[in-house]
Each structure stands twice: as structure tokens, then as C-alpha cells.
Amino acid sequence: MKVVYPREEYCIGCKLCEIHCLVEHSKSKDIIKAFRKEFPKAMNKNIVEKRKDVSFCVSCRHCPEAPCITACMTGAMHRNKKGAVVVDKDKCVGCWMCIMVCPFGVIKRDGEKIASKCDLCPDKEIPVCVKNCPNEALVYEER
Amino acid sequence: MRKDKMIVIIGNSVAAIAAVEAIREENAKTEITLVSSEPNHVYSRPMIPGFLYGKYDEKRMQFRDDEFYKRNKVTALLGRKAVKLDEKKKEIFLDDEKKLHYDKLLIATGGVPFIPPMKGAENDLLTFTTLDNAKKLKDEAKEKNDFVVIGAGLIGLKVAESLAKMSKGVKVVELADRILGGIADKKSSEMFLEEFRKHGVEINLKCSVEEILRKDGKITGVRLNDGRTLSCDSFVVAIGVRPNIEIVKGTGIAFNKGIIVNEMMETNVQNIYAAGDCVEAKDIIANENRNLPLWPNASLQGKVAGFNMAEKKDIYPGSYMMNSITFFDLPMISYGLVNAEGPEFEILEKIRKDDYRKIIIRNGKIVGAIFVNNIDRAGIIDGLIRENADISEFKTSLIDDDIGFIVMPAKTRKEKLSSVQVTRL
């Protein structure tokens with residue numbers, strides 16, 4: 001299935017992917033409101049790693065046999081119909097078993113003390129991080 | 001031979017459920033009968049501390065939906081205990097004297113609490129591993145206000161935390177010289193000790209309960225081995241669990257502390273599999289079979305057993321000791337040999353006031369790690385342990401705040417970031 005992969009040779013570390021991700025996962029989906037007026041503030045689900053001249057964006061790989069689903073003790077972490085690994089917010093209790101076993105380190109703790117991760121933007125054809133990267137440093141493809 | 005084989009599963013927690021799902025992924029027809037001594041629908045045992053203090057109700061603890069058994073065509077015999085196994089005739093006897101034939105059997109009976117000998121112990125002692133235990137304790141807490149908990153491991157401290165959140169008096173008694181000895185090192189256990197004391201929980205180290213004191217049958221306190229007496233009106237034993245292997249005793253199935261399985265999760269008796277807290281399976285750090293009663297391990301073992309029972313060959317890759325735990329507002333994730341000491345180990349540490357990280361290395365490989373408070377991205381360490389990766393080149397960066405793929409050599413990093421999946425669990 002298609003997921004998001006980084007191409008670090010094209011990444012300039014601008015973090016637009018993080019900004020667009022946060023806005024897409026906010027209530028208003030409006031950049032000013034999302035950053036200035038929504039509390040708790042939405043979180044970006046992806047992570048830009050940067051040291052000196054090297055940077056790239058990491059996000060969930062939606063592993064075919066996802067360790068986070070295997071480890072989830074509430075049934076919150078599951079695969080949706082599109083094949084994306086997503087969190088059921090009503091079931092998650094914030095035990096962080098998923099964080100313990102995610103080898104990509106891409107599950108975060110959000111303000112409500114539940115797991116927060118990439119959902120591949122269910123309302124969009126292409127995830128917003130990929131769509132809005134000015135350099136095509138993120139690709140959405142099947143490997 | 002009958003066309004549709006009969007699979008019987010003893011147990012109803014995560015190993016059993018993962019097995020059902022794996023079997024059904026491969027085979028829609030095989031008959032599955034599941035036997036559980038507990039009457040409840042699938043529920044998450046790690047959630048019973050939250051149930052105790054009222055954070056979760058029973059419904060919330062169901063980690064699979066109401067239709068789970070129906071959808072997976074499982075005949076669930078709940079509240080029925082499997083009491084005897086005849087592996088030659090391939091029969092299981094239940095406590096209502098019914099018997100079940102199986103072609104393949106999965107033993108996923110979990111663990112049972114360990115209760116040390118104590119003078120004055122009667123059958124009113126409370127333990128804390130099942131929903132039923134939690135209900136009894138919840139009832140008890142309606143009228144009792146002063147609790148002694150024995151055991152300052154995971155279970156004991158979870159009970160203590162819940163009782164403290166219910167504004168009960170809690171005194172913990174622990175034999176070791178610190179709390180959480182199995183999963184925390186000295187520094188991290190001190191951080192949690194502080195957290196418990198801050199929340200009014202009294203923790204008594206280096207002592208044990210010799211006698212339970214009673215007046216007119218009612219518990220009034222405990223006498224410790226150091227001569228002190230602690231007053232209480234209720235008492236919980238939460239020292240730990242041991243594998244529940246009653247059903248295999250007297251059969252040809254081999255066991256040590258737990259049931260011995262091979263990498264397909266099969267016991268020494270053909271067609272009998274075992275998974276979860278009742279087994280000893282491959283520990284990739286100790287490099288031997290060990291009992292590692294942890295949810296993720298049970299889940300993967302159940303799945304591997306399920307696939308093999310459905311005749312899709314699958315191999316359990318092994319696992320190791322790991323825990324993710326939060327007490328009050330302080331989270332910790334720990335991996336492997338957290339208390340390793342000696343010349344063969346290299347230890348990297350970063351200590352801040354509320355934040356602690358430690359990485360333990362042997363021969364260029366990570367064999368243990370602790371993340372307290374800031375646990376973000378900890379799983380990268382799990383991946384490196386499971387891959388048995390040589391981290392010599394970038395080891396010092398593993399305690400940096402920006403731990404990530406950025407600290408790895410470009411080749412390693414690119415390989416990982418272009419793969420679909422790097423480790424199985």
C-alpha cells in the first residue's frame with residue numbers, strides 16, 4: 001500500500017510538512033486559528049529530523065504487520081478500511097505500549113494523553129505533507 | 001479424519017484472542033472452541049487498576065467488540081474451567097464434567113498470583129490480577145480505608161496508586177531495597193519512590209509480612225519481619241505472578257517454570273501449542289527460553305501459534321523484557337537488562353531533574369535502556385535491539401534529546417527509512 005517516504009537529498013528542513021500536518025489535523029483547518037486560537041493545539045503527526053545540513057521528515061510506515069497493533073492492550077490501534085494504522089481515540093488509554101514498540105518512533109503523546117499518529121489524511125487523496133512539500137522531498141508511493 | 005478440524009483454546013486474554021484472529025485469517029472453516037475460567041467477555045487485564053478507581057467501566061475494558069466471538073465463529077465456553085488434559089486421547093475435561101475433543105490445542109492460561117506463606121493468612125486475602133479480583137477489592141474499598149499492599153513491583157504499585165487515587169491510606173511492604181526492581185534501575189526507581197511519597201503512599205523497603213493480625217477474625221494489621229507492626233483494615237497480595245500450568249501437570253507436556261515451546265509455539269507434544277504468560281519462549285537478549293509475561297509478547301506468541309495451528313508456518317522471532325508504565329503523571333519505558341553491571345557493559349546516561357535516559361551496551365549492541373518522563377521515540381531503541389544492530393558508531397547520540405534516525409550513519413538511516421517494515425514487533 002502507499003505510504004509516505006522521505007527523500008533526504010531534496011529536503012531543506014523547512015518543516016512545511018509539519019505545519020500542513022498540524023493544520024490538517026486541527027479543528028478549523030485554518031492555519032492562523034490552528035496555531036493561535038485552538039486549545040489544545042493540534043499536533044503534527046510527522047517529525048522533521050535535522051542536524052547540520054541533513055534533514056528529512058519521518059512519519060508512520062503503516063507496517064504490514066504493525067508492532068503497535070500487536071502491542072495495543074485496548075484495541076485502540078487498528079487498521080482502517082484504507083489500510084492505514086489509526087488510533088481509536090475513545091479506546092486509547094495512553095499506556096504507551098505503542099511508543100515502546102514503534103521502531104520508527106513516530107507515535108506521539110498528545111495533550112489528551114492519547115496516542116497520536118499519521119492517518120494518511122483520510123479526507124485527502126494525497127497526504128498534505130507530500131502535497132505541500134516544495135521540493136518533492138516526500139513521496140507517497142507503494143514499495 | 002473429519003473434514004473440519006477442531007481447535008480448542010484454553011484462555012481468553014490476548015494470546016488466545018490473537019490466536020483466534022490468526023486462525024481466521026488463514027482458515028474460515030476450522031471449528032474453534034474457547035474455554036475460559038473467567039465468565040467475562042474479552043477484557044484487558046492491564047486496565048484493572050483503572051477499573052478499581054473508577055476511570056474505566058467494564059465496557060471500556062473490552063479490547064475486542066461484542067461481536068468478536070460471533071464474527072470469528074468461536075464457540076466461547078466462558079466461566080468453564082479446563083481441569084484435565086488427556087493428550088493421548090486428545091481430550092479436555094471441563095469442570096462441569098463435559099469433555100471436548102481437539103485436533104489442535106492452544107494452552108493460553110496466563111499467570112496466577114504468587115502468595116507467600118504468612119501466618120494468619122485465610123482465604124480472604126485479596127490479589128490483583130483479574131477483573132473479579134478488582135471487583136472484590138472495589139467492594140472492599142467501600143468500607144475499608146487503610147490498606148497494606150505487599151509487593152512494590154508493577155502490580156503492587158498499580159494497586160497502591162489506584163488506592164491512593166481513591167483517597168485510601170496505603171502502606172506498601174517490599175522485600176527488596178527499592179521499588180520496581182525488575183524493570184527499573186536505582187535512579188529510575190528513586191524517581192518513582194519520590195512520586196509515590198509525594199502522593200502520600202507509605203513505602204516500607206527491606207521488610208516482609210510475617211503475620212496478619214486479626215481481631216474477631218477481622219484484619220487489624222500486619223507484623224513485619226523487623227518486628228514493626230503496620231495497622232490496616234485490608235490487605236492485598238501483589239508480589240507477582242507465576243505461569244499457570246496446572247493443566248499440563250501430570251501430562252507429557254514439558255515445563256520448567258512455564259510451558260516449554262519451540263519457535264512455532266508448539267510444546268513437545270505434537271498439536272499442542274502454548275502462548276502467553278504461561279510459557280517460556282525465546283528471549284533474544286538472554287539467548288535462552290524464558291518466561292516473559294508481557295502483553296506484546298503474549299499477543300505475538302498467540303498470533304504465531306494461531307498461524308501454525310491453521311497450518312501456515314510462522315516463526316516466533318523472540319522478544320525480551322520490556323515495559324511501558326505510568327505512575328501518577330510520570331511515564332517510563334524500559335527495555336532489557338536495566339540493572340546490568342560489570343566490565344562487559346558500557347553505560348550511557350543523561351540525568352535531568354525530571355528526565356532520565358540510560359542506554360546499556362554490550363559488545364556494540366544495545367542490551368537495555370530506560371526512558372523516564374520523556375519517552376518520545378523510545379521505540380527506535382526497541383527496533384535496534386530486535387535487529388541486533390551494531391550501534392558503536394553513533395552510540396553517544398542515543399542519549400541526545402533529538403534521538404532519531406538522524407544520529408545513524410547515512411546508509412543505515414536510508415535503508416531503514418525506505419523500508420516498509422523494519423521489525424516484527
Side-chain angles (χ1 to χ4, degrees), chain A residues 1-9 11 13 47-52 54-59 61-78 85 88 90-109 113 116 138-139 141-143, chain B residues 14 17-18 42 44-47 50 55-56 60-65 68 294-297 299-300 303 322-326 329 331-335 371 375-384 386-387 397 400 402-407 410 413-414 416-425:
Chain A
M1 87 178 246
K2 280 187 178 182
V3 298
V4 179
Y5 295 95
R7 301 199 294 175
E8 65 175 64
E9 53 281 26
C11 180
I47 300 163
V48 172
E49 293 192 27
K50 194 171 180 178
R51 268 189 187 189
K52 291 185 185 153
V54 182
S55 62
F56 49 85
C57 174
V58 190
S59 57
R61 216 34 59 88
H62 303 273
C63 304
E65 189 180 359
C68 57
I69 297 180
T70 306
C72 182
M73 63 172 213
T74 66
M77 199 64 85
H78 67 286
V85 176
D88 181 336
D90 295 330
K91 284 190 180 165
C92 179
V93 297
C95 72
W96 316 130
M97 291 277 198
C98 51
I99 293 181
M100 176 173 79
V101 301
C102 173
F104 292 99
V106 287
I107 301 171
K108 300 186 181 189
R109 296 174 285 164
K113 297 187 178 173
S116 164
L138 286 172
V139 292
E141 61 185 34
E142 187 158 354
R143 288 191 181 171
Chain B
V14 64
I17 297 317
V42 172
S44 179
R45 283 190 175 190
M47 287 172 78
K55 190 177 180 193
Y56 314 125
R60 183 85 198 277
M61 294 167 74
Q62 265 183 232
F63 64 95
R64 291 296 182 270
D65 62 52
F68 176 81
L294 309 167
W295 184 276
N297 295 355
S299 178
L300 185 57
K303 185 176 186 174
M322 61 174 71
N323 272 285
S324 168
I325 189 82
T326 301
D329 285 318
M332 171 173 75
I333 290 178
S334 73
Y335 301 102
F371 289 67
I375 58 168
D376 296 334
R377 313 211 74 191
I380 290 174
I381 298 293
D382 176 47
L384 293 168
R386 287 183 192 279
E387 287 179 317
S397 299
D400 290 348
D402 64 344
I403 180 179
F405 295 92
I406 196 89
V407 307
R413 171 173 79 229
K414 284 181 187 172
K416 283 181 193 288
L417 291 179
S418 61
S419 9
V420 180
Q421 174 149 23
V422 295
T423 52
R424 189 160 179 207
L425 184 110

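Each chain gets a letter, A, B and so on, in the order the sequences are listed, and its residues count up from 1.
Only the side chain of B:Ile333 comes within contact range of chain A, with at least one heavy atom under 4.5 Å from a heavy atom of that chain. In this structure, chain A has no heavy atom under 4.5 Å from any part of B:Phe371. Heavy atoms of B:Arg413 lying under 4.5 Å from chain A belong exclusively to its side chain. The contact between B:Asn323 and chain A is made entirely by backbone atoms, counting heavy-atom distances below 4.5 Å. In this structure, the portion of A:Glu8 lying under 4.5 Å from any heavy atom of chain B is its side chain and not its backbone. Looking at B:Gln62, only its backbone comes within 4.5 Å of chain A, counting heavy atoms on both sides. Residue B:Thr326 touches chain A through its side chain alone, counting heavy-atom pairs closer than 4.5 Å. Residue contact with chain A, scored on non-hydrogen atoms closer than 4.5 Å, involves the side chain of B:Arg60 exclusively. Proximity to chain A (any heavy atom under 4.5 Å) is shown, for B:Val422, by both the backbone and the side chain. Residue A:Cys68: no heavy atom, backbone or side chain, is found under 4.5 Å from chain B. When heavy atoms are compared at a cutoff of 4.5 Å, A:Ala76 does not approach chain B at all.
Among B:Arg64, B:Lys303, B:Glu387, the residue with the largest count of heavy-atom pairs under 4.5 Å with chain A is B:Lys303. When each of A:Val3, A:Ile69, A:Thr74 is checked for heavy-atom pairs under 4.5 Å with chain B, A:Thr74 comes out on top. Your options are B:Ala378, B:Gly383, B:Pro331, B:Ser324, and the one with the most heavy-atom pairs under 4.5 Å with chain A is B:Ser324. Put simply, of A:Gly75, A:Cys63, A:Cys72, the one with the most heavy-atom pairs under 4.5 Å next to chain B is A:Cys63. When each of B:Val42, B:Val14, B:Ile375 is scored by its heavy-atom pairs under 4.5 Å with chain A, the top score falls to B:Ile375.
B:Ser44 places a side-chain N or O within donor-acceptor distance of the main-chain N or O of A:Met73, the cut-off being under 3.5 Å. Here the side chain of A:Arg61 pairs no donor or acceptor atom with the backbone of A:Tyr5 at under 3.5 angstrom. Panel note: side chain A:Glu49, backbone A:Val58; no donor-acceptor pair is recorded below 3.5 Å. Formation of a donor-acceptor pair under 3.5 Å by the A:Ser55 side chain with backbone atoms of A:Arg51 is not found in this model.
Of the charged side-chain nitrogens involved, at least one lies within less than 4.0 Å of a carboxylate oxygen, so that A:Arg109 and B:Asp376 count as a salt-bridged pair. Salt bridge annotation for B:Asp329-A:Lys113: present, with a cationic side-chain nitrogen under 4.0 angstrom from a carboxylate oxygen. A salt bridge links A:Arg143 with A:Glu141: the closest approach of a Lys/Arg side-chain nitrogen to an acidic carboxylate oxygen falls below 4.0 angstrom.
By the 30° and 60° cut-offs, the orientation of the rings of B:Phe63 relative to B:Trp295 is perpendicular.
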Worked verdict on B:Asp382 versus A:Met100 for side chain to side chain contact (heavy atoms under 4.5 Å, CB included): CA-CA 7 Å; B:Asp382 176 47; A:Met100 176 173 79; 5.7 Å; no
Pair A:Ile47-B:Arg377, side chain to side chain contact (heavy atoms under 4.5 Å, CB included): steps then yes or no: CA-CA 10 Å; A:Ile47 300 163; B:Arg377 313 211 74 191; 3.7 Å; yes
